Amino acid sequence: MLALPHTIRHALPMRLVTWNINSLRLRMPLLEKLTTALLPDVVCLQETKVTDALFPLESVRALGFEHLHYKGMKGYNGVAILSRLPLSPVVDTPTWYAQEDCRHVAATVHAPGGDITLHDFYVPAGGDEPDPETNPKFAHKLAFVDEATQWFAQQKSARTVLVGDLNIAPLEHDVWNHRQLLKIVSHTPPETQRLTQWQQTGFVDAMRRFVPPTDKLYTWWSYRNKDWRKSNRGRRLDHIWVTPDLVPELASMSVLEEARDWPSPSDHVPVVMDIQPQS
DNA sequence: ATGGTGGACACTCCA
């Protein structure tokens, strides 16, 4: 038998992925590709577009995710937490905007380094016209973020991670052209100010701990550009926020841009975060 | 200036 060095064994990092997959059933092969390549411990999906009754349970379990918490509806929206680590679903979450449209699930992940509470969000996209008076989708988006802000302001959050497609690119370099996108839904001041308020209820922008705000950082490229990489008109719509107590545990982050070139890709790419418990 | 692409579902919604 090998002699182990007389040191405290370090807990392995927890690898977390967030990804707007834009139809789970259509892109099961891509979820398998992601899982094989990266061996994530926890995957948070948005836009699963599948009812709970039709959720591809056995295929997801076969990838090693035995612990699941998901909420879906027919055709639209839908969120899912897939985990190799045990989960305790959080059940007392609000019904946002007085309608259950499957945009939020939460669970406690029983990770080796300690429990982590995880929130998975899909914020309404908000339509085209950035005017809440004329565009009910934009009004919904603003109200959703306001409600989330109020709810998290009342929570005492520790060891909490909030991820998802928040459909807002808050910083100047979260979009390919700041001045041009100030009038485009996802980067208008009413949205970016609200997202900042929400974040300030107790979270840190974990992705920007790894890439300074002066550098461009995108997670989404429209299907409508012929050559997404050449035009590179991206936006950072997907986010990972953590409570300050987890900042020392943030070990690495990557945006899996190559996934935008996978066969029949989502228009969003996965964001990967390794969380390394302190020894 | 406007339409460009893609998914779901059932002919039109949503992103």
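Order of the sequence lines sets the chain letters (A, B, ...), proteins ahead of strands, with each chain counted from 1. As the structure is a prediction and not an experimental result, all values here were calculated from the model.
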Mind telling me whether His119(A) and Trp151(A) have parallel, tilted or perpendicular rings, with 30° and 60° as the class edges? perpendicular

In whole angstroms, the gap separating P of dG7(B) from NE2 of His268(A) amounts to 13 Å

Let me know the distance between CE of Met73(A) and P of dC9(B), rounded to the nearest Å. 11 Å

If you assign Leu26(A) and Tyr122(A) each to the DNA chain B nucleotide with the nearest heavy atom, which residue ends up on the more 5' nucleotide? Leu26(A)

Give the rounded distance in Å between these two atoms: CZ of Arg103(A) and C1' of dA15(B). 10 Å

Whole-Å distance separating the NE2 atom of His140(A) from the P atom of dA15(B): 10 Å

Gap in Å between the two P atoms, one belonging to dA15(B) and one to dC9(B), rounded: 15 Å

Taking dC11(B) as the reference, what is the distance to dG7(B) when you measure between their C1' atoms (whole Å, please)? 15 Å

Please report, rounded to the nearest Å, how far the P atom of dA15(B) is from the OH atom of Tyr76(A). 9 Å

Within residues 125-137 of chain A, the residues having a heavy atom closer than 4.0 Å to DNA chain B are Ala125(A), Lys137(A)

Indicate, with yes or no, if the rings of His173(A) and His178(A) have centres closer together than 6.0 Å. no

Can you confirm whether more than 12 heavy atoms, excluding those of Arg209(A), are under 6.0 Å from its CZ atom? no

So, is the end of the Lys216(A) side chain (NZ or CZ) under 6.0 Å from the ring centre of Trp176(A) and within 45° of the ring's axis? no

Closest-nucleotide ordering on DNA chain B, the 5'-leading residue of Gly75(A) and Pro124(A): Gly75(A)

Please determine which of Arg236(A), Arg235(A), Glu257(A) meets the side-chain contact (heavy atoms from CB on, under 4.5 Å) test together with Thr219(A). Arg236(A)

Give the rounded distance in Å between these two atoms: CG of Asn22(A) and C1' of dA15(B). 7 Å

Name every residue in residues 221-231 of chain A that has at least one heavy atom under 4.0 Å from any atom of DNA chain B, in order of residue number, or write none if there are no such residues. Tyr223(A), Arg224(A)

Assign Arg27(A) to base, sugar-phosphate, or nothing according to its heavy-atom contacts below 4.0 angstrom with the strands shown. sugar-phosphate

Atom C1', compared across dC14(B) and dA10(B): separation rounded to whole Å: 14 Å

Should the pair Phe144(A) and Trp96(A) be assigned to parallel (<30°), tilted (30 to 60°) or perpendicular (>60°) ring geometry? tilted

Looking at Lys74(A), I'd like to know whether one of its side-chain N or O atoms comes within less than 4.0 Å of OP1 or OP2 on dA10(B). yes

Ring-plane angle category for Phe121(A) and His104(A), please: parallel below 30°, perpendicular beyond 60°, tilted otherwise. parallel

N-O pairing of Glu100(A) and Lys71(A) below 4.0 Å: yes

Give a yes/no on whether any side-chain N or O of Ser266(A) is located under 4.0 angstrom from OP1 or OP2 of dA15(B). no

Minimum heavy-atom distance Met273(A)-Ile240(A), with the two atoms named: CB-CD1, 3.8 Å

Test of understanding: with ring-ring contact (aromatic ring centres under 6.0 Å, His included), list the residues that count as partners of His140(A), not counting sequence neighbours. Tyr97(A)

What is the distance, rounded to the nearest whole Å, between atom CZ of Arg260(A) and atom P of dT5(B)? 13 Å

Tell me the interatomic distance from Ile21(A), atom CD1, to dG6(B), atom C1', rounded to whole angstroms. 15 Å

